Chemist: 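Let me begin by handing over the structure; questions about it come next.
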Amino acid sequence: MPVVDVDPDELRDLTGHDDKDDDELREDLFALGLEFEGWTEDDEFQLEFAPDRLDRLSVEGVARSLRYHYGDDRGVYVPGTNDADWTIEVRDTPPERPYVTGAVVRGLDLDATAFDSLIQLQEKLHATMGRGRAKGAIGVHDLTMLKGREARSASEQSSSAEQSSANSRAAEPRDDDAQPRDSPGAGERTITYTSMDPDGAPFVPLESDEEMTPREVTESHHMGSQYADLVAEMDRYPAIYDDVGLFSFPPVINGKRTEVTENSRDLLIEMTGTDQWTVDHMLNIILYSLSARGGRVERVDVSYADDAPGEYAGQTLSRPDFGVKEKSVTHDRIESIIGVDLDPETVVDCAERAGLDATQTEGAEEMAYDVEIPPYRVDVLHPLDVIDDVGRAYGFNDLEPRYPDVSTVGGRHERSRLEDAARDALVGLGFEDLLNFHMINAEENYERLGVDPGSDALGGGEAVTIREPYSEDYTMLRTWALPSLLMVLENNTHRAYPQDLAEIGLAAELDESQNTGVAEHRTLAAVVARADASYEDAKARLQSLAEAFGKRLETPPTDHPTFIGGRAAEIVLDGESVGVIGEVHPSVLVEHDLEVPVAAFELRLDGLD
């Protein structure tokens, strides 16, 4: 889950509640669904929250939610915007990355805290909504360092081009296919989103003092090389030019000329990506945060060429898109989901204290509400999301528990009894019981353990993937639990050994024989990490586990890419193959920065039944 560092003093300042001590703040944050995970070295809160509330990726967003919670703010707020003075012309872009958006923010006072918050918000948005910059990448620039082309006649443009040809750095990137089409209206300034030759004119990237070609940036720059794979398959790289030359190489790196510092007051924010909706909403989240710092938002026109790829060819978009969405929800459904009787005034009040606007629908056969959603809320996709906001504003802790109006009483499932018995046995054998996320990504599930997707090896099943994941860290359901345990070991290298860990949890893979197309099962995994860990240590624990359930254990030799050859075996209980045991391969240990041997086993839980 996303974790954001928040300065409690800054939170008190932005909310206007200096009377709140740290304990009270943590209690109020928990009521909003933000869990306190600990302190940073700089005495800041580490807050974990559900990845759907991306508007809370900054201290400004968290403070906004608290102000609504306290009743200081109510209803939908939309920042005012000034008319556009800048235009982004879009032409000849790489087809893999055709979309762009942008805005200008003026009058900021970026002290050290505000500057750090902007950087953190940019990084968190890249990691979540931007999918590691693949779907959307953010560029923030000092506006005073940009020189836009002013509106002028064709003859003036020709004359200007001849004069600028003496400056090779300005002339080289502005070749024929990077020239703007028809000029914008009088008084506007224009920059161009286009494409460039990977070996074309050099520029000075961030954190460098040397000119480099775009390809050199992807090959040797310490920051640019991290995102080289995003443009590796492109014949021409994305580029944004002003009248001086290249100043942004999205999604890789910005130029040093427009670098933002604490002294910057006016900013240009541009975003490129594979989807217009995504970059527009990423922009909204950033603009709301900068508006909370006193910034004045100025619109930018995005002018797509007639032959631009995508659905906006030949159109000019005015950005940001601060349009307010609407959802309709019935009163009966609100009461049914939350479980309490509410009068209409309470529903409207709760909606406003959640940052929404709600009005009773006129002329409807049953009582309902038209609810307005602010532009920064990317998570409200269904009426149930509105009901969740109303319930949270009402106060989930104020709800009184009651038995449901059904004729049966719940009891423990037999599978649950088996899980509890297995957990008790594992704890008795010295393992620490864990509960990890069932979601993971392909690199952690397969690559880092040497397993090929779709192979017959344990854990090699074809994964159930998420079509639109919120985070690049959680893109699929895990096919086995051992990767989760190794991730825990990797994050706990600073703690003392031995570390004997176990987990019983969900694993899944695609299976056409199932009516849902997915086969789910409960899996049991355990690791023994210590200086003298060996196959025999894991085998002794497994033997005791099998005997506790009256199972006959056999361990015929086998091969598995995660384990050392000759030190791995199949787990067979009462004649049925249910898992694998062995010593983890050194390459897997190195991949997880582990310096002690690890022995492990994993088996299907139903093998103990």
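Fair warning: this is a prediction, and the values are worked out from it, not measured in the lab. These numbers come from the heavy atoms of this one structure, side chains and all, not from hydrogens, waters or symmetry mates. The chain is numbered in sequence order, starting from 1.
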Chemist: Is the backbone of Leu384 close enough, under 3.5 Å, to the side chain of Asp388 for a donor and an acceptor to pair up by distance?
Modeler: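 Checking the backbone N and O of Leu384 against the side chain of Asp388, no donor-acceptor pair under 3.5 Å is found.
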Chemist: So, Gln226 side chain and His222 main chain: donor-acceptor pair closer than 3.5 Å or not?
Modeler: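 A pair under 3.5 Å: yes.
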Chemist: Using the rule given for side chain to side chain contact (heavy atoms under 4.5 Å, CB included), can you reason through Leu29 versus Phe45, listing the C-alpha separation, both sets of side-chain angles and the distance that settles it, and then say yes or no?
Modeler: CA-CA 11 Å; Leu29 290 167; Phe45 289 167; 4.0 Å; yes
Chemist: Can we say Arg495 and Glu490 salt-bridge, meaning some charged N sits less than 4.0 Å from an Asp/Glu carboxylate O?
Modeler: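 Between Glu490 and Arg495 there is no salt bridge, as every charged N stays at least 4.0 Å from the carboxylate O atoms.
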Chemist: Using salt bridge (charged side-chain N to carboxylate O under 4.0 Å, His left out), reason through Arg604 and Glu520 one step at a time and then give a plain yes or no.
Modeler: CA-CA 11 Å; Arg604 293 178 62 100; Glu520 299 180 4; over 6 Å; no
Chemist: Can a cation-pi geometry be assigned to Arg541 and Phe601, taking NZ or CZ under 6.0 Å from the six-membered ring centre and within 45° of the ring axis?
Modeler: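 That pair does not qualify as a cation-pi contact.
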Chemist: Can you confirm whether more than 12 heavy atoms, excluding those of Asp398, are under 6.0 Å from its CG atom?
Modeler: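 Check passes, neighbour count above 12.
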Chemist: If only side-chain N and O atoms count, and only distance matters, is there a donor-acceptor pair under 3.5 Å linking Thr15 with His17?
Modeler: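 No, because no side-chain N or O of His17 sits under 3.5 Å from a partner of the opposite role on Thr15.
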Chemist: Can you tell me how far apart CH2 (Trp480) and OG1 (Thr562) are? Round to the nearest 0.5 Å.
Modeler: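 Those atoms lie 3.5 Å apart.
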Chemist: With a distance cut-off below 6.0 Å to the six-membered ring centre and an angular limit of 45° from the axis, does Arg64 pair with Tyr376 as a cation-pi contact?
Modeler: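 Judged by the rule, Arg64 and Tyr376 form a cation-pi pair.
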Chemist: Is it true that the side chains of Asn445 and Thr479 contain a donor and an acceptor less than 3.5 Å apart?
Modeler: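 Yes.
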Chemist: May I have the step-by-step check of salt bridge (charged side-chain N to carboxylate O under 4.0 Å, His left out) for Arg53 and Asp55, ending in yes or no?
Modeler: CA-CA 5 Å; Arg53 288 304 300 267; Asp55 56 293; 2.9 Å; yes
Chemist: Would Glu335 and His331 count as having a side-chain donor-acceptor pair, cut-off 3.5 Å?
Modeler: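 Yes, His331 and Glu335 have a side-chain donor paired with an acceptor closer than 3.5 Å.
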Chemist: With the threshold set at 4.0 Å, does a side-chain nitrogen-carboxylate oxygen contact exist between Glu468 and Arg131?
Modeler: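 Looking at Glu468 and Arg131, the cut-off is met.
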Chemist: Donor-acceptor pair, distance only, cut-off 3.5 Å: does the side chain of Ser455 make one with the backbone of Asp452?
Modeler: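 Answer holds: yes.
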Chemist: To the nearest 0.5 Å, how far apart are CG in Leu32 and CG in Leu47?
Modeler: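 The CG atom of Leu47 is 10.5 Å from CG of Leu32, to the nearest 0.5 Å.
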Chemist: What is the distance from atom CZ of Arg12 to atom CG of Asp19, rounded to the nearest 0.5 Å?
Modeler: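 Going from the CZ atom of Arg12 to the CG atom of Asp19 covers 9.5 Å.
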Chemist: Does a donor on one side chain and an acceptor on the other come within less than 3.5 Å for Ser534 and Glu536?
Modeler: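 Judged by distance alone, the side chains do pair up.
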Chemist: Do Asp574 side-chain atoms and Arg552 backbone N/O form a donor-acceptor pair below 3.5 Å?
Modeler: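 Yes.
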Chemist: Might you work through the side chain to side chain donor-acceptor pair (under 3.5 Å) test for Glu96 and Thr274, ending with a clear yes or no?
Modeler: CA-CA 7 Å; Glu96 301 90 342; Thr274 60; over 6 Å; no
Chemist: Compute whether any side-chain donor of one residue and acceptor of the other, for Thr272 and Arg97, lie under 3.5 angstrom apart.
Modeler: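 Thr272 vs Arg97: donor-acceptor pair found between side chains.
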Chemist: Output yes when a side-chain donor or acceptor of Glu503 lies under 3.5 Å from a complementary backbone atom of Leu485, and no otherwise.
Modeler: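 Judged by distance alone, no pair lies under 3.5 Å.
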Chemist: Going through the distances and angles, do Glu60 and Ser58 end up as a side chain to side chain donor-acceptor pair (under 3.5 Å)?
Modeler: CA-CA 5 Å; Glu60 296 88 1; Ser58 66; 3.1 Å; yes
Chemist: State whether the side chain of Asp116 and the backbone N or O of Thr113 hold a donor-acceptor pair below 3.5 Å, judged by distance alone.
Modeler: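 No, the answer is negative, given that no donor and acceptor are paired below the 3.5 Å cut-off.
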Chemist: Does either side chain, that of Asp275 or that of Thr278, offer a donor lying less than 3.5 Å from an acceptor on the other one?
Modeler: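 There is such a pair (donor and acceptor under 3.5 Å, judged by atom type) between the side chains of Asp275 and Thr278.
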Chemist: Should the pair Glu24-Lys20 be classified as a salt bridge under the 4.0 Å nitrogen-to-oxygen rule?
Modeler: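 Salt bridge flag = no for Lys20 with Glu24.
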Chemist: Closer than 4.0 angstrom, basic N to acidic O: yes or no for Arg377 and Asp389?
Modeler: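 Between Asp389 and Arg377 there is a salt bridge, with a charged N closer than 4.0 Å to a carboxylate O.
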Chemist: Nearest 0.5 angstrom please: Leu553 CG to Gln543 CD, how far?
Modeler: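 Those atoms lie 5.0 Å apart.
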Chemist: Using modelled atom types only, decide if a donor and an acceptor are shared between the side chain of Thr475 and the backbone of Glu472 within a distance under 3.5 Å.
Modeler: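 No, the answer is negative, given that no donor and acceptor are paired below the 3.5 Å cut-off.
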Chemist: Determine whether a donor-acceptor pair (N or O, by modelled atom type, separation under 3.5 Å) exists between the side chain of His126 and the backbone of Ala137.
Modeler: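 Side chain of His126 to backbone of Ala137: no pair is present.
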Chemist: Output yes when Asp23 and Arg26 qualify as a salt bridge under the 4.0 Å nitrogen-oxygen rule, no when they do not.
Modeler: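 A salt bridge is present here (some side-chain N lies under 4.0 Å from a carboxylate O).
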Chemist: Out of the candidates Lys124, His281, Lys135, only one should pair with Met129 under the side-chain contact (heavy atoms from CB on, under 4.5 Å) rule; please name it.
Modeler: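 Testing each of Lys124, His281, Lys135 against Met129, the sole residue satisfying side-chain contact (heavy atoms from CB on, under 4.5 Å) is His281.
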Chemist: Distance under 6.0 Å and angle within 45° of the ring axis: does Arg133 meet both against Tyr227?
Modeler: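 Checked: cation-pi criterion met.
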Chemist: His592 and Arg448: side chain to side chain contact (heavy atoms under 4.5 Å, CB included), yes or no, with the steps?
Modeler: CA-CA 8 Å; His592 290 81; Arg448 302 188 73 198; 3.9 Å; yes
Chemist: Could you tell me whether a side-chain N or O of Glu444 sits under 3.5 Å from a main-chain N or O of Ser484, the two making a donor and an acceptor?
Modeler: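 A pair under 3.5 Å: no.
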Chemist: Are any of the side-chain nitrogens in Lys551 or Glu547 under 4.0 Å away from the carboxylate oxygens of its partner?
Modeler: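 Salt bridge flag = no for Glu547 with Lys551.
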Chemist: Which heavy-atom pair separates Asp9 from Asp7 by the least distance, and what is that distance?
Modeler: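 Closest heavy-atom pair between Asp9 and Asp7: N-OD1, 3.0 Å.
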Chemist: Does a side chain donor of either Glu570 or Thr555 reach within less than 3.5 Å of an acceptor in the other side chain?
Modeler: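 No donor-acceptor contact under 3.5 Å links the two side chains.
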Chemist: Would Leu501 and Val488 count as a side chain to side chain contact (heavy atoms under 4.5 Å, CB included) here? Give the steps.
Modeler: CA-CA 9 Å; Leu501 312 176; Val488 174; 3.7 Å; yes
Chemist: Do Ser513 and Asp511 have a side chain donor and acceptor closer than 3.5 Å?
Modeler: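 Short answer, yes.
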Chemist: Test Val572 against Glu576 for side chain to side chain contact (heavy atoms under 4.5 Å, CB included), laying out the working first.
Modeler: CA-CA 5 Å; Val572 179; Glu576 181 182 0; 5.6 Å; no
Chemist: Please report the interatomic distance CD1(Ile338) to CZ(Arg333), rounded to the nearest 0.5 Å.
Modeler: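 Reported to 0.5 Å precision, the distance equals 12.0 Å.
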Chemist: Would the number of heavy atoms belonging to other residues, nucleotides or ligands and lying under 6.0 Å from CD of Glu462 be above 12?
Modeler: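 Result for CD/Glu462: open.
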Chemist: Within this structure, what is the OH-CD distance for the pair Tyr535 and Glu583, rounded to the nearest 0.5 Å?
Modeler: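 Here the interatomic distance stands at 9.5 Å.
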Chemist: Establish, yes or no, whether a centroid distance under 6.0 Å links the rings of Phe36 and Phe30.
Modeler: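 Centroid distance Phe36-Phe30: not below 6.0 Å, so no.
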